[in-house]
Every structure is written in C-alpha cells, then in structure tokens.
Amino acid sequence: MINVTNLVKVFPSRKGLLGRDAVVALRGVSFAIPDGGAISFIGESGSGKTTIGRILAGLETPSAGEIWWDDVNITALPQRQRLRFLRKVQLIQQDPYQALNPARTIEQALKDPLTVIAREQHKGPQWVQQRINEVLQMVGIEPVSVLDKYPHMLSGGQRQRIVIARALTVEPKVLVADEAVSMIDVSLRLGVLKLLRDLRDQFGISLFFITHDVAAARYVGQDGQLFVIYKGMIIESGQTDEVITHPYHPYTQALLSAVPVLKGLEIPGPDRYIPLRADEDGEIQETVCLYEPRCPFAQDQCRQTRPLLQGDGHDHACHFPTVRRVVATARPEKP
Ligand SMILES: Nc1ncnc2c1ncn2[C@@H]1O[C@H](COP(=O)(O)OP(=O)(O)OP(=O)(O)O)[C@@H](O)[C@H]1O
Ligand SMILES: [Mg+2]
C-alpha cells in the first residue's frame, strides 16, 4: 500500500516570463494506492495530474507532504534508498513514440534496462534474452514479430505495449498511466486498456490512472477509487461508480457532462448539461472556494471560506453538495 499525505508542489516562477509568480501545482493532495488496486485521477488541463504522477515516479520532488510505502516514509529516506522504492513505480506517458529511441530496435530498447539489472543480480546474457521474451509475452506481443523492428515500423498500440514491456523489466509494483491511450488510434485504445487491467489481475501490479475519459477510468478501475482534481486540490473522491453516478461537486458534474464518453455511458438529456465555464486565470484567493469563480451555484459562504474535502468515503469539497446525476449507469462495452 502506498499512502500519500498532503502532497504540495510549488514550481518556482519562470524568471523573466511576464513576471509570473510561482505556480502552486498541488495544494495538499492525499490518497492511497492499494496493492494490486487501481485509482484514477480526472481533472482538466493544468489541474496537477501529471505532477502527481511524476512525483510518484521520482521525477519530481514534492515541496511538502509524505509518501509512505507500507510502514516506510520514503520522503524521509536518503536519495539512494528512496530511488530504490521509486524505481518500482513506472511511468507510461501519452506519446509512446517519444518514449522510444527511434534509432534502436525493440530488442535493444528492452535489452538496455535488462542488462543493468542482469549486472546487479549477477545474471547472464541468456537470462536477459529470456526476460525480453517474457515481458513481450506479458504485453501480448509475439517476440519474433518485433525484435528487429524499429519503433516507426509498429502501430501506436504496439508501440505503447513496447513501452509497457520496458516498464515491466524492473518488475514494477505500480504503473502510472498518464493519458496513456489518448494518442493511440481509437480502435486500438481498448486493447491497451484491457492490457493494463490484465496486468493488474494477473500480476497484481497497481494502477495509477490519469485520464480525461471517465469511461476509461471505469473500465480499468471500476472497483477502485476515483479522484477529481481541480487546481491542485482534490474536490471529490470515492468509489469510481459512486462518484460517476452520484457526483456531488458542481465541477465533477460539469466534467462528467462535458467529457466525451464511450458508448454505453451516454448523458441522459440536454437539461442535465452543466456548462464548464472558461477559467478566468485570475489570482487565486487561498481563503475561498477554488471553484467559486466558475460555479453556477456559488453563494456567499463560498466566497468566505474554503470548503474542505470531507465525507464518509464519498468525499467532496463543497459547501452546498447536491447530487446532480449526469451520466447513465450502463456499463461500457467489453472488447
Ligand atoms: N516544470 C514546471 N515548471 C513550472 N510549472 C509547471 C511545471 N510543470 C507543471 N507546471 C504547472 O503546474 C500545473 C499543473 O501541471 P500538470 O502538468 O501537472 O497538469 P495536468 O493536470 O497534467 O494537465 P494536462 O491535462 O494538460 O496534462 C500547471 O499550471 C503547469 O503549468
Ligand atoms: Mg498531464
């Protein structure tokens, strides 16, 4: 189990860039990733999703907050020990083409990390070859069909499978999938989502799933938790289906009514559509509700105190939570 508490990330101002102040990307985010479980984060662009993923994978350091692996506070460990934990978190990014070196064959791409591991574990070249075959089979690719190919010779779906295979070389405990299928041809997306789900079922690899598509979150992590993040703050969280079918927060409702959804998750009617107003990008007042400037239901209290995330498992940060159901309960189609 990974427990993250009160994660804060402040990026220093980019000097010279219109004198902009520091960016507060995360404002105290807490969540847990159960062993073999899946949790999903949804939120609009710039809400801080990637920043969380990068911190989990050790590519960014938090400004405050703690990350616990079982009973070890890894944020308190010296860097070398911390990295040993963080290596077990592998990041799968949006663009598999960018993640692979175009000048190296698939065999070489997989051999590189495995050679390092072989050296550490005193294993021979035969072991490396065997592991290459194993990780390719784990992602549903016949090794002989790709070993001597270059990334550009594969489809987007296959390329993302290779990136996942490469992540599997270190026997990860967690895969952070950051919009991992959004650049893949629509017809191949479900296959990659199914792969992520199968890796969880068969090998107990946990998933930290970042997406704009609630149907995808539901497909890979229906039994897990869904977190809705706005300006670096979780504003609603709970069991995935519960949040999707009974959203309390106006922002969640707006997101659910605006995102494109897979067949089977249709929006019931136009009267349920809640407009997601454009962000004014004004100065954030840390004492008021972050969503207040855009909220069609805001009242005086929202301009006076910030609502904190609270509830009994289905939590929300809203002074006037009202369930407005915007998404049908039908299951997405199975591939
Ligand atoms: N290296 C950085 N330096 C300065 N600001 C950054 C940096 N990385 C991210 N940010 C800022 O932090 C905020 C959160 O960014 P992040 O990339 O985590 O959002 P996101 O939710 O992943 O968005 P998207 O859906 O577009 O991928 C944004 O305001 C972004 O501009
Ligand atoms: Mg992102």
Side-chain angles (χ1 to χ4, degrees), residues 4 6-31 33 39-65 67 86 89-99 160 163 167 174-184 189 192-193 196 207-217 220-221 225-237 243 249 251-252 254-256 258-261 276-286 290-291 293-294 309 317:
V4 175
N6 276 317
L7 207 59
V8 173
K9 179 67 187 179
V10 182
F11 289 106
S13 61
R14 294 176 177 138
K15 283 206 180 73
L17 203 80
L18 305 170
R20 274 183 61 176
D21 280 332
V23 177
V24 185
L26 298 174
R27 301 181 146 75
V29 169
S30 304
F31 57 90
I33 309 175
I39 67 169
S40 311
F41 269 72
I42 61 168
E44 66 188 352
S45 195
S47 55
K49 306 179 297 294
T50 295
T51 305
I52 302 176
R54 287 176 58 82
I55 290 174
L56 282 176
L59 301 174
E60 209 75 76
T61 45
S63 311
I67 302 173
L86 296 173
V89 180
Q90 288 288 311
L91 192 59
I92 312 295
Q93 282 160 306
Q94 201 170 36
D95 185 357
Y97 198 67
Q98 214 174 35
Q160 195 61 298
V163 172
V174 182
L175 288 181
V176 175
D178 188 353
E179 305 280 4
V181 298
S182 60
M183 287 183 74
I184 297 172
R189 281 184 195 172
V192 175
L193 293 178
L196 293 173
L207 260 187
F208 184 90
F209 191 68
I210 296 170
T211 184
H212 279 95
D213 183 350
V214 281
V220 298
Q225 301 263 311
L226 178 69
F227 294 82
V228 185
I229 183 167
Y230 181 72
K231 289 191 189 292
M233 189 182 150
I234 292 167
I235 53 90
E236 184 154 2
S237 66
V243 173
H249 198 289
Y251 176 65
T252 311
L255 268 188
L256 292 176
V259 291
V261 287
L276 189 56
R277 278 195 273 150
D279 195 350
E280 318 259 285
D281 208 16
E283 198 177 313
I284 289 178
Q285 285 187 35
E286 293 293 344
L290 290 173
Y291 191 57
R294 296 167 74 183
L309 190 67

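Hydrogens, waters and symmetry mates play no part in the numbers below; they use all other heavy atoms, side chains included. Just so you know, ligand 1 is whichever comes first in the structure, and atom 1 is the first atom listed for that ligand. Quick caveat, the model's predicted, so the values are computed rather than measured.
Of the N or O atoms in P12, none lie within a sub-3.5 Å distance of an N or O in ligand 1. In terms of polar-atom proximity, defined here as any N/O pair under 3.5 Å, E60 makes no such contact with ligand 1.
Interface of H212 with ligand 1, defined as ligand atoms under 4.0 Å from a residue heavy atom, comprises 25 (O). For ligand 1, the atoms sitting less than 4.0 Å from at least one non-hydrogen atom of T50 are 17 (O), 18 (O), 20 (P), 22 (O), 27 (O), numbered in the order shown with element in parentheses. Atoms of ligand 1 found under 4.0 Å from any heavy atom of V23 (numbered from 1 in listed order, with element): 11 (C), 12 (O), 29 (O).
Between Y251 and Y230, the ring-plane angle classifies as tilted under the 30° and 60° cut-offs. Ring planes of F227 and F41: parallel class, angle under 30° (limits at 30 and 60°).
Between L207 and the options L175, I39, I33, V176, a side-chain contact (heavy atoms from CB on, under 4.5 Å) holds for only L175.
Scanning both residues, E236 and H249, for their nearest heavy atoms gives OE1-N, 2.8 Å. Of all the heavy atoms in L196 and A177, the pair that sits closest is CD1-CB, 4.1 Å. Among all heavy-atom pairs drawn from E44 and K49, the shortest one is O-NZ, 3.0 Å.
The shortest side-chain heavy-atom distance between K9 and I55 falls under the 4.5 Å cut-off.
Contacts between T51 and ligand 1, counted as non-hydrogen atom pairs separated by less than 4.0 Å, involve both the backbone and the side chain.
Taking only non-hydrogen atoms, the option from S45, G53, A25 nearest to atom 26 (O) of ligand 1 is S45.
The Mg ion (ligand 2) has T50 among its coordinating residues (N/O/S atom, backbone or side chain, under 2.8 Å).
Contact analysis puts S47 in contact with ligand 1, with a non-hydrogen atom separation below 4.0 angstrom.
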